[in-house]
Amino acid sequence: MLPEHKALNKKVGEEDNFLNKKPVLDEYQVEEFENNIHYAMEYHLPIIFTLLNEGNPQELQGYCVYIQPVTKELRIQKKDSSFAYIQFDEIISVIVED
């Protein structure tokens with residue numbers, strides 16, 4: 001290997017250490033997320049999702065309008081009326097706004 005390759009591999013390895021790893025969620029947290037989402041859908045309340053996207057936390061606000069039960073995909077209507085599709089596995093936090 002060339003010294004440049006070793007330096008690049010070392011740099012890539014250091015960057016990976018700075019990425020956030022998805023927290024391990026227990027079954028009670030997952031159930032709480034599901035209950036919050038269903039509650040917000042029933043009463044048409046806005047939700048703030050915190051997602052882990054490629055190791056970086058990302059916030060998404062909107063209304064959950066549909067849940068695909070087979071693929072566990074949620075359709076979120078944002079405040080600008082566009083739609084976002086998220087996987088349930090990406091969610092690390094759910095906050096229902098009143």
Side-chain angles (χ1 to χ4, degrees):
M1 267 183 117
L2 296 172
E4 294 85 16
H5 289 134
K6 287 183 183 180
L8 182 61
N9 284 340
K10 184 177 178 183
K11 183 178 179 185
V12 169
E14 289 172 357
E15 289 175 359
D16 287 343
N17 290 335
F18 292 112
L19 294 178
N20 295 325
K21 293 185 172 59
K22 183 173 190 233
V24 178
L25 303 173
D26 64 3
E27 61 186 67
Y28 299 109
Q29 289 173 314
V30 172
E31 185 177 345
E32 182 181 351
F33 291 170
E34 291 173 351
N35 290 338
N36 286 342
I37 293 167
H38 287 287
Y39 177 79
M41 283 182 67
E42 183 174 346
Y43 295 105
H44 196 66
L45 297 172
I47 308 173
I48 301 172
F49 293 97
T50 305
L51 311 169
L52 197 62
N53 187 6
E54 297 178 5
N56 298 315
Q58 171 183 327
E59 199 170 89
L60 176 66
Q61 296 181 353
Y63 298 90
C64 185
V65 293
Y66 184 71
I67 299 173
Q68 176 59 267
V70 175
T71 60
K72 290 195 171 188
E73 184 176 70
L74 295 111
R75 185 183 312 157
I76 309 300
Q77 183 177 9
K78 298 182 199 176
K79 296 188 181 199
D80 64 354
S81 297
S82 65
F83 289 96
Y85 297 90
I86 60 172
Q87 296 292 323
F88 194 80
D89 295 341
E90 298 174 341
I91 300 172
I92 57 174
S93 171
V94 175
I95 300 170
V96 178
E97 295 181 330
D98 290 328

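- Shown here are the side chain to side chain donor-acceptor pair (under 3.5 Å) partners of Q29, two or more places apart in sequence or in another chain: there are none.
- The two residues I37 and I47 have their closest heavy-atom pair at CA-CD1, 4.3 Å.
- Partners of S81 according to the side chain to side chain donor-acceptor pair (under 3.5 Å) rule, which considers only residues two or more places apart in sequence or in another chain, do not exist here.
- Screening residues 84-98 for side chain to side chain donor-acceptor pair (under 3.5 Å), with sequence neighbours left out, gives E73-Q87.
- Under a hydrophobic-cluster definition in which Ile, Leu, Val, Met, Phe, Trp and Tyr are linked whenever side-chain heavy atoms come within less than 4.5 Å, directly or via other members, V96 and L51 are assigned to different clusters.
- Taking CG of N36 as the reference point, atom CD of E31 lies at 11.0 Å (rounded to 0.5 Å).
- Annotation: side-chain contact (heavy atoms from CB on, under 4.5 Å) contacts of E59 (sequence neighbours excluded): I48, Q61.
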- Task: Show your working on side-chain contact (heavy atoms from CB on, under 4.5 Å) between I76 and V65 and close with a plain yes or no.
- Result: CA-CA 6 Å; I76 309 300; V65 293; over 6 Å; no
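- Think of I92 as one node in a network of Ile, Leu, Val, Met, Phe, Trp and Tyr side chains linked at under 4.5 Å; its network also takes in L52.
- Considering all non-hydrogen atoms of both residues, A84 and K78 come closest at CB-CE, 3.6 Å.
- When hydrophobic clusters are built by joining Ile, Leu, Val, Met, Phe, Trp and Tyr residues whose side-chain heavy atoms come closer than 4.5 Å, directly or via intermediates, V30 is not grouped with I95.
- Every side chain to side chain donor-acceptor pair (under 3.5 Å) that N53 has, sequence neighbours left out, goes to Q58.
- C64 approaches L74 most closely through the heavy-atom pair SG-CD2, 3.4 Å.
- The ring pair (Phe, Tyr, Trp, His ring centres under 6.0 Å) pairs that include a residue from residues 20-62 are Y39-Y43, H44-Y63, where partners are two or more places apart or lie in different chains.
- Rounding to the nearest 0.5 angstrom, the gap separating the CZ atom in F83 from the CZ atom in R75 is 6.5 Å.
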